[in-house]
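Working notes, beginning with the structure itself.
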Protein chains: 2
Amino acid sequence: MGLNPEQTIIGFIGIGVMGKSMAEQLRKAGYPLHVYTRTASKAEDLVAEGAVWYASPAALAKASDVIITMVGYPKDVEEIYFGEDGIIANAKAGAYLIDMTTSSPLLAERIYRAATDKGLHALDAPVSGGDIGAREGKLSIMVGGDKDDFATVLPLFERLGTNIVLQGKAGAGQHTKMCNQIAIASNMIGVCEALAYATTTGLDPELVLKSISTGAAGSWSLSNLGPRIIAGNFEPGFYVKHFIKDMGIALEVAKEVGLDTPGLALAYSLYKRLAEMGFDEKGTQALYKVLVH
Amino acid sequence: MGLNPEQTIIGFIGIGVMGKSMAEQLRKAGYPLHVYTRTASKAEDLVAEGAVWYASPAALAKASDVIITMVGYPKDVEEIYFGEDGIIANAKAGAYLIDMTTSSPLLAERIYRAATDKGLHALDAPVSGGDIGAREGKLSIMVGGDKDDFATVLPLFERLGTNIVLQGKAGAGQHTKMCNQIAIASNMIGVCEALAYATTTGLDPELVLKSISTGAAGSWSLSNLGPRIIAGNFEPGFYVKHFIKDMGIALEVAKEVGLDTPGLALAYSLYKRLAEMGFDEKGTQALYKVLVH
């Protein structure tokens, strides 16, 4: 099987904000696109543009050469892959299964083993770069799995991202995404505390950003989310509820491997408190509200 | 008094790694340079180049138009300004006093009040940018004090830095530097935990950096200190012992203004533990050793 557009049918499961843009990129590149998503209405635009709608993951899996999943939580991934109506039981021999959901590394390993046993090729390939990265095909894609499989689907990844790295064997993509979320977690505390300190001590936070954002305190979060915090804009780029999910996965892995992650644990508890305050549908920068309210 | 080079005698107190490079910049710009530092040998190079050595802060203060201090700890600042042999008691009427040490905002306010009472002009102007920034005259300078005083000494700041911001009244420079350190503190935990997770789960940390350092997890610390951690290089850019001092000041202020800073408190406790492990003369990236040892 080659992965030439037009000869490779892509089945895309999970048409959310990210998934829709990613599926759209692949369709534009010429790949015949099959779609399934829990809320059918979300796929309407893609279907209007020529994508084929399937009523179940099983039906889609049977008809696709490459199956990409971009769903919500590990339990959704588990259901989509291992359920009766799932991908493992229904995919064509030799098909490529790519989970791009941010999910559990251990689950990724399980999918890989089950897929391999059935003559299927599985990769875990979570992304970062958000809705804008997805829309512009500029995601960072962190991949775990076999080298040959990676090489085969690389042209497809190249439609979705610009920073594509095979990180290692199955699960390594998810582990790398966890590193990404761990680094963000504590940094978000620092960004919010710095701005909370600024406003509480009577500084002008915009002037403070001017002094500190280009030096050793500089970060993507400080430069991109700092101004939103100052403007009182807590709308989601990245959802609090999803970040809590990701940190929960990372904490579980850390516990299993015996790694102490006090910063991650603190961030998790602060974000849980934020969710309890009613901010779970807001953006991660809303953490500021835990400190100043 | 104008601040033209050649007509303005600068008295520089504190010839450490930072102070020496900064004094050197001013001498090169043509300002007559007076120096005092506790360990006289540290000033030898500057004296050989034409700086005038003074045996006490008092003697230097009496002979200088602008007095710049770049010493170690708030207690050193207090002694240099308020001691019997200190600047406030001995400076010439109308002199400009600029403390560039990272020190207590409350102490900066006290210096400002005492200076104003005596017809002196005081500014707090801590910096970031490290030894390299000092050597290249590319520091970020965060200034607190009166607008007119800031305008008067600006040409001098422009020899030392490229990002020079008057942040507000006396103390605001120090408060801004605290924001800088607060943002760094939690971020360092995130950087170290992310790399500790990477190595513990069997990833290649250099590949991980390739995936995560340019996106939402990206930061100055991740890009600049991450590679040092991976290389096992814990030599100081910025000393653990100085960072502990700075975080201690920030925690004190936060307590006084009633601001909860759990990330800063966690970082402080982890760095204290690191110092107890014998790493207080190492660089801040050594925090990694608290997590993986």
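Throughout, protein chains are lettered first and strands after them, A, B, ... in sequence-line order, and every chain is numbered starting at 1.
- Considering all non-hydrogen atoms of both residues, Leu291(B) and Pro262(A) come closest at CD2-CD, 4.0 Å.
- Contact annotation for Leu270(A): only side-chain heavy atoms (C-beta onward) come within less than 4.5 Å of a heavy atom of chain B.
- The environment of Ile132(A) atom CD1 is sparse: at most 12 non-hydrogen atoms of other residues, nucleotides or ligands sit within 6.0 angstrom.
- When each of Asn224(A), Asp260(A), Ile189(A), Thr201(A) is scored by its heavy-atom pairs under 4.5 Å with chain B, the top score falls to Thr201(A).
- Considering every non-hydrogen atom in both Gly263(B) and Glu193(A), the closest pair reads N-OE2, 2.6 Å.
- Contact annotation for Ala185(A): neither backbone nor side-chain heavy atoms come within less than 4.5 Å of a heavy atom of chain B.
- Screening Leu259(A), Val257(A), Thr176(A) against Tyr197(B) for a side-chain contact (heavy atoms from CB on, under 4.5 Å) leaves a single residue, Leu259(A).
- Here the shortest heavy-atom pairing between Val208(B) and Cys179(A) reads CG1-CB, 3.8 Å.
- When heavy atoms are compared at a cutoff of 4.5 Å, Asn163(A) approaches chain B solely by way of its side chain, counted from C-beta outward.
- Among all heavy-atom pairs drawn from Leu207(A) and Gln167(B), the shortest one is O-NE2, 2.9 Å.
- Contact of Leu203(A) with chain B is made through the side chain alone, with heavy-atom distances under 4.5 Å.
- Contact tally against chain A (heavy-atom pairs below 4.5 Å) for Asp204(B), Leu222(B), Val253(B): the top residue is Val253(B).
- Heavy-atom contacts from other residues, nucleotides or ligands closer than 6.0 Å to CD of Glu206(A) number 12 or fewer.
- Heavy-atom distances place the side chain of Pro105(A), and not its backbone, under 4.5 Å from chain B.
- The candidate with the highest count of non-hydrogen atom pairs below 4.5 Å against chain A, out of Gly130(B), Ala217(B), Ser213(B), is Ala217(B).
- Residue Leu266(B) touches chain A through its side chain alone, counting heavy-atom pairs closer than 4.5 Å.
- Across Ala250(A), Ser221(A), Ser211(A), the residue that shares the most heavy-atom pairs under 4.5 angstrom with chain B is Ser211(A).
- Environment of NZ in Lys138(A): sparse, with no more than 12 heavy atoms of neighbouring residues, nucleotides or ligands closer than 6.0 Å.
- At most 12 heavy atoms of other shown residues, nucleotides or ligands fall within 6.0 angstrom of atom NZ in Lys169(B).
- The candidate with the highest count of non-hydrogen atom pairs below 4.5 Å against chain A, out of Ala172(B), Ser219(B), Gly215(B), Ala216(B), is Ala216(B).
- Proximity to chain A (any heavy atom under 4.5 Å) is restricted, for Ser140(B), to the side chain, taken from C-beta onward.
- By the 6.0 Å contact criterion, CZ on Arg159(A) is open, its count of non-hydrogen atoms from other residues, nucleotides or ligands being 12 or less.
- Contact between Ala183(A) and Asn187(B) at its shortest, heavy atoms only, is O-OD1, 4.2 Å.
- Other residues, nucleotides and ligands contribute over 12 non-hydrogen atoms within 6.0 Å of the NZ atom of Lys241(A).
- Counting heavy atoms from C-beta outward, Ser186(B) and Val191(A) have side chains that stay 4.5 Å or more apart.
- Expressed to the nearest 0.5 Å, how far CD1 of Ile212(A) lies from CE of Met178(B) amounts to 12.0 Å.
- In terms of heavy-atom pairs under 4.5 angstrom with chain A, the leader among Ala254(B), Ala196(B), Gly202(B), Ser128(B) is Ala196(B).
- Looking only at heavy-atom pairs under 4.5 Å with chain A, the residue among Lys210(B), Glu256(B), Gln181(B) that has the most is Lys210(B).
- Between chain A and the residues Ile184(B), Asn180(B), Val165(B), the most heavy-atom pairs under 4.5 angstrom are made by Asn180(B).
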